[in-house]
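Step one of this worksheet: look at the structure below.
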Amino acid sequence: MARSFTYRHHGGAVEPGTRVEVPFGPRRLVGWVLGTAQGEPDARVRDVLRVLEERPSAGPDLLRLARWIADYYVSSVGLVLRAALPNPMTDAGRNPVKTRRILRLTRELPSLTLREEVFGRAARQRECFEFIEAAGGAVAVQQLGEQGFSYSVLNGLVERGVAVFDDEVVDRDPFADIPAEEGPLPPLTPDQQSTLAPLRTAAGAGGGTFLLRGVTGSGKTRVYIELLREVLHAGRGAIVLVPEIALTPQTVARFRARFGDDVAVLHSALSEGERYDAWRMLRDGERRIAVGARSAIFAPVRDLGAVIVDEEHEGSYKQGEAPRYHAREVAIVRARIAGAVCVLGSATPALESWANVQKGKYTLLELPIRVEGRPLPAVRVVDLRRPKDEGAPAGLPAAPRPADPAAKRPVLSEPLEEAIHARLGRGEQTILLLNRRGYASFVQCRDCGHVWQCGRCNVSLTYHRTRRRLICHYCFHEEAPPSRCTECGSEMLSFRGLGTEQVERIVAETFPAARIARMDVDTTSGKWAHHEILGRVERREVDILLGTQMIAKGLDFPNVTLVGVINADVGMNLPDFRAGERTFQLLTQVAGRAGRGGTAGEVLIQTAMPGSYAIRSALDHDYLGFARRELEERREPEYPPHTRLANVVISGTAEEQVQEAAEGLAAWVRAALREHTLDAVALLGPAPCAIDRIRDRWRWHLLLRSRSARQLGALCRALYRDYGTGTGSIRVIVDRDPVALL
Ligand code: ADP
Ligand code: ZN
Ligand code: ZN
C-alpha cells in the first residue's frame with residue numbers, strides 16, 4: 001500500500017526505482033520514483049528538485065517486492081525501500097577503517113640494571129613501561145589514561161626510545177579474509193543426493209518452494225553448498241539468510257570458505273560505507289552470493305537462482321518495527337518473482353511452513369539421519385519435582401538460602417553434575433542452556449510479597465550480580481538493588497528466578513578447575529564478542545559453555561558430547577500460543593549440539609513438567625509427533641497455522657485515553673466488518689496487552705483473526721488508511737502474522 005504523490009521532472013523521464021529530492025509542504029524529502037503518472041497532470045503538481053542517483057537503486061523486481069510487502073504488511077512503499085536499501089547520502093562509498101591509538105614497546109629491558117639506567121628517577125615512566133610489558137607489549141592510549149598515566153609519561157617513553165605510538169585496526173571483520181577452501185567436498189550422502197535432485201530440476205525450470213527438514217547434524221549446509229555451486233555454475237546468483245550472523249559464524253564461514261570472493265557477507269557490524277560497497281558489488285555482479293540476516297533478503301543479487309532460509313523457524317526473521325515483514329515469507333515471494341528456487345531449512349520447521357507442506361504448497365525434502373550414521377544423542381529427563389537425596393555431594397555449591405523455594409530444586413541435579421564431571425575427566429566439552437539472563441529474574445520481599453518493578457514498565461526488574469544493579473529488560477532502566485522492602489521495611493528479601501549469572505557462579509563453585517564461558521546478551525555487547533567466545537570453544541579453550549538460547553543455534557563443535565538444560569520450563573508458561581512450539585524447538589536445537597563428532601552425545605533436560613508433550617517430543621526427537629499434537633491443540637481456540645492473525649496494538653501515555661482509543665478502534669472494526677461483509681474475520685478484544693505498560697506507554701490490543709488472508713488484508717489496509725500510525729500521543733501498530741503477542 002502506498003501513499004504516492006505526483007511530481008514533474010523537466011529533464012525527461014526518470015526510471016522507476018530512482019531516488020529524487022522533492023518539496024513536500026515546506027520540507028524537502030527523499031522520494032522514490034514509482035512510475036509515470038497517467039492522464040493530465042494536476043495544475044498544482046510541483047517540480048522534482050534533484051535526481052539523486054544516476055541509476056535506479058531499486059530495480060523492477062525489488063519495486064515489485066516492495067509493493068507486495070507494503071500491501072501485505074500494511075506499510076508504505078517508501079518505508080519498505082528505506083528498510084531495504086543502503087542510504088547513499090551518508091558516507092556511502094567511503095570505507096573507513098576504525099583504528100585506535102596504542103603505545104607499543106620497541107625495546108626489551110631484560111635486566112634490572114638496564115631498567116635503572118634507562119629510567120633513572122622517572123618512576124612513573126618505569127611503571128607505565130612495566131604495565132605495558134605485563135599486558136603483552138602494547139596497550140591502548142585510552143586505557144593507559146584510565147590507569148592514571150598522563151600524556152607526558154607516555155611521551156617520556158617515546159622520547160627515551162623504548163616505545164612508539166601506533167594505530168591499531170579494531171573491529172576487523174572476521175569474515176573478510178577467510179581463504180577460499182581448495183580440495184574436494186566430502187561426497188554427498190545418498191539422502192543428500194536425493195534432496196538435491198528435485199532442487200536441480202526446479203532450478204532449471206522456473207523455481208519452487210521447498211521445505212528441507214533435516215535432523216540436527218544431517219548436513220543441511222552441505223546441501224545448500226551444492227545447490228549454490230550449481231546456481232553459480234549456471235551463471236546465476238543466490239541469497240542465503242541466517243537468523244543472526246553473530247550466532248552462526250561457522251555456517252557463514254563455510255560459505256565464505258567455499259565460495260571466497262563470490263560471497264558478500266552482510267552483517268550488522270558493517271559501517272554504512274562498507275554496507276554500501278557490498279551492496280554495489282552485488283548489484284554490479286562482482287559478488288554473486290549474499291549471506292546475511294533478515295534484511296539481506298533485499299540484496300540486489302543479479303539473476304537470482306536460489307534463496308535459502310536457514311533455520312527458517314527462527315522468530316528473528318520477523319522485523320519488529322515497520323515494515324513488520326517476515327523475511328521467510330518475503331524470501332518466498334522474492335524467489336517467485338525471480339523464478340528462483342526457495343529452500344527453507346530446519347530441523348524443527350515452523351508449524352506454518354509444515355502446514356504449507358501438508359497443503360501441497362511446498363515440496364518436502366528430508367534428511368532423516370545424521371551424516372556418517374552418527375546417532376542422535378540420547379536424551380534423558382531429570383525430574384525437578386522429585387526431592388533429591390538429602391545430603392548433597394561434597395563440593396556442591398552453597399545452595400541459595402534455604403528459605404528460598406527455588407533452592408529446594410538443585411541447579412545442577414546429581415545426574416547432571418556427574419555427567420559434567422565425566423566430560424571434564426575425558427577432556428570433552430559441555431553446553432549448558434538456561435534461557436534466562438541475569439542473576440535473578442525478580443526480587444521479592446519475603447514478608448509482604450512485594451516484587452520490585454520497573455517504574456516505566458509493568459515488568460519485574462532483573463538482578464544482575466556482576467554489575468550489582470536491578471535492570472529492566474524492556475527499557476534498560478537501572479537502579480541499585482534494595483537492602484530493605486520499600487513497602488514494609490523488612491530486610492528479608494529473596495532473589496528469585498534463576499538466571500545465567502547465577503548458574504555460572506554455581507558451576508564455577510562446583511567445578512573450580514573447569515574453564516567456563518558464558519554467552520548471553522550481557523557478555524556479548526562488543527561487535528565480535530560472540531566470535532571471540534565461540535572461537536575459544538572451537539579451539540577447546542573452554543570446557544563448559546553456558547548461555548541463553550544464543551548457544552542453541554547452528555553451532556557445530558564435534559567435541560561437545562554433553563548438553564544440559566538447567567530448566568526447560570522457563571518459556572513454557574508465557575502467555576503466547578507458541579510457548580510450547582518455542583520450547584520444543586529450543587530443546588531440539590540445543591540437544592542437536594551434542595555428539596556431532598565421533599563420540600556419541602548425551603542430553604540431560606531438567607524440568608518440573610516432564611509430562612508436557614513439548615518436552616516429551618523433544619526427548620524422542622519426534623517432530624512429527626509434536627506437530628500433530630500441537631496442530632490439534634491450536635484448533636480450539638483457533639490459532640495459526642489454521643487461521644491468520646493481525647495484532648493491532650494501541651499505545652499512549654494516558655491509560656484512559658488508550659483504552660478509549662482501543663474501544664473506538666474496535667467499534668470501527670465491527671462497523672467495517674459489517675459494511676464490507678468481511679464475514680471471515682473475527683475480532684477479539686480489545687484488551688490490555690500481556691505487558692500493559694512499556695516505557696511509560698500503556699498498551700492495549702485487539703486481535704483480528706481470519707482464515708481468509710484476502711479479507712484480513714483488506715481490513716488491515718482500510719484500518720491503516722483511516723488510522724495511519726495513530727494521532728497525537730496515541731500510536732497504532734498493525735502487526736500481521738505476529739511472532740509475539742506480549
Ligand atoms: P546441519 O546443518 O544439518 O545440522 P551440518 O551441515 O552442520 O548439519 O553438518 C553436520 C556435520 O556433518 C558437519 O561437520 C559437516 O561438515 C558434516 N557433513 C555434512 N555432509 C557430509 C557428508 N556428505 N559427508 C561427511 N560429512 C558431512
Ligand atoms: Zn515487604
Ligand atoms: Zn522498564
Is the shortest side-chain N to carboxylate O distance from [X] to [Y] below 4.0 Å?
X: Glu638; Y: Arg634; result: no
X: Asp556; Y: Arg593; result: no
X: Asp735; Y: Lys318; result: yes
X: Glu226; Y: Arg229; result: yes

Verdict with supporting geometry, Val381 and Thr607, side-chain contact (heavy atoms from CB on, under 4.5 Å): CA-CA 7 Å; Val381 106; Thr607 172; 3.5 Å; yes

With a 4.5 Å heavy-atom cut-off, do [X] and [Y] have their side chains touching?
X: Glu417; Y: Phe511; value: yes
X: Val215; Y: His621; value: no
X: Leu545; Y: Ile533; value: yes
X: Asp262; Y: Arg287; value: no
X: Phe577; Y: Glu633; value: no
X: Thr430; Y: Asp543; value: no
X: Val223; Y: Ser218; value: no
X: Thr466; Y: Asp522; value: no

Arg736 to Tyr72 six-membered ring, cation-pi geometry met (6.0 Å, 45°): yes

Restricting to non-hydrogen atoms, name the atom on [X] and the atom on [Y] that form the minimum distance, rounded to 0.1 Å.
X: Gln192; Y: Thr195; value: O-OG1, 2.8 Å
X: Thr588; Y: Ala618; value: OG1-CB, 4.0 Å
X: Asp310; Y: Pro243; value: O-CD, 3.8 Å
X: Ile245; Y: Gly292; value: CD1-CA, 3.8 Å
X: Val537; Y: Gln429; value: O-NE2, 2.9 Å
X: Arg328; Y: Ala350; value: NH1-CB, 3.4 Å

Would a distance-only check, ignoring hydrogens and angles, find a side-chain to backbone donor-acceptor pair under 3.5 Å from [X] to [Y]?
X: Thr599; Y: Gly595; answer: no
X: His313; Y: Gln585; answer: no
X: Arg436; Y: Leu498; answer: yes
X: Tyr623; Y: Pro349; answer: yes
X: Asn559; Y: Gly427; answer: yes
X: Tyr317; Y: Val309; answer: no
X: Thr643; Y: Pro640; answer: no
X: Gln606; Y: Val411; answer: yes

Full working for side chain to side chain donor-acceptor pair (under 3.5 Å) between Tyr613 and Glu630: CA-CA 9 Å; Tyr613 66 88; Glu630 182 72 13; 2.5 Å; yes

Full working for side chain to side chain donor-acceptor pair (under 3.5 Å) between Asp622 and Ser617: CA-CA 5 Å; Asp622 183 13; Ser617 309; 5.2 Å; no

Test log, rule side-chain contact (heavy atoms from CB on, under 4.5 Å), inputs Arg518 and Thr524: CA-CA 9 Å; Arg518 191 181 99 220; Thr524 51; over 6 Å; no

CA sep, side-chain torsions, deciding dist, call: Leu546, Ile431, side-chain contact (heavy atoms from CB on, under 4.5 Å): CA-CA 6 Å; Leu546 153 76; Ile431 284 182; over 6 Å; no

Side chain to side chain donor-acceptor pair (under 3.5 Å) pairs, two or more places apart, involving residues 353-372: Arg213-Glu366, Thr216-Arg370, Glu312-Ser353, Asn356-Tyr362, Glu372-Arg374

Short side-chain donor-acceptor distance under 3.5 Å, [Y] and [X]:
X: Asp520; Y: Thr500; value: yes
X: Gln319; Y: Arg294; value: yes
X: Glu244; Y: Ser316; value: no

Check this for me: [X], atom [atom1], are more than 12 non-hydrogen atoms of other residues, nucleotides or ligands nearer than 6.0 Å?
X: His421; atom1: NE2; value: no
X: Arg628; atom1: CZ; value: no
X: Arg200; atom1: CZ; value: yes
X: Arg536; atom1: CZ; value: yes

Distance, nearest 0.5 Å, that separates [atom1] of [X] from [atom2] of [Y]:
X: Arg582; Y: Asn435; atom1: CZ; atom2: CG; result: 10.5 Å
X: Ile566; Y: Leu412; atom1: CD1; atom2: CG; result: 5.0 Å
X: Leu384; Y: Ser413; atom1: CG; atom2: OG; result: 7.0 Å
X: Phe210; Y: Leu344; atom1: CZ; atom2: CG; result: 10.5 Å
X: Leu416; Y: Ile605; atom1: CG; atom2: CD1; result: 11.0 Å
X: Arg236; Y: Leu232; atom1: CZ; atom2: CG; result: 11.5 Å

Test ring-ring contact (aromatic ring centres under 6.0 Å, His included) applied to His464 - qualifying residues, sequence neighbours left out: His473

Steps toward side-chain contact (heavy atoms from CB on, under 4.5 Å) verdict (Glu538, Gln250): CA-CA 10 Å; Glu538 187 150 35; Gln250 291 176 314; 3.4 Å; yes

ring-ring contact (aromatic ring centres under 6.0 Å, His included) between Tyr325 and Tyr73, intermediate numbers included: CA-CA 6 Å; Tyr325 66 89; Tyr73 294 102; 7.0 Å; no

Residues in side chain to side chain contact (heavy atoms under 4.5 Å, CB included) contact with Ala419, at least two apart in sequence or another chain: Arg423, Leu562, Glu602, Leu604

Salt bridge (charged side-chain N to carboxylate O under 4.0 Å, His left out) between Arg635 and Glu632, intermediate numbers included: CA-CA 6 Å; Arg635 283 199 189 281; Glu632 218 33 66; 3.7 Å; yes

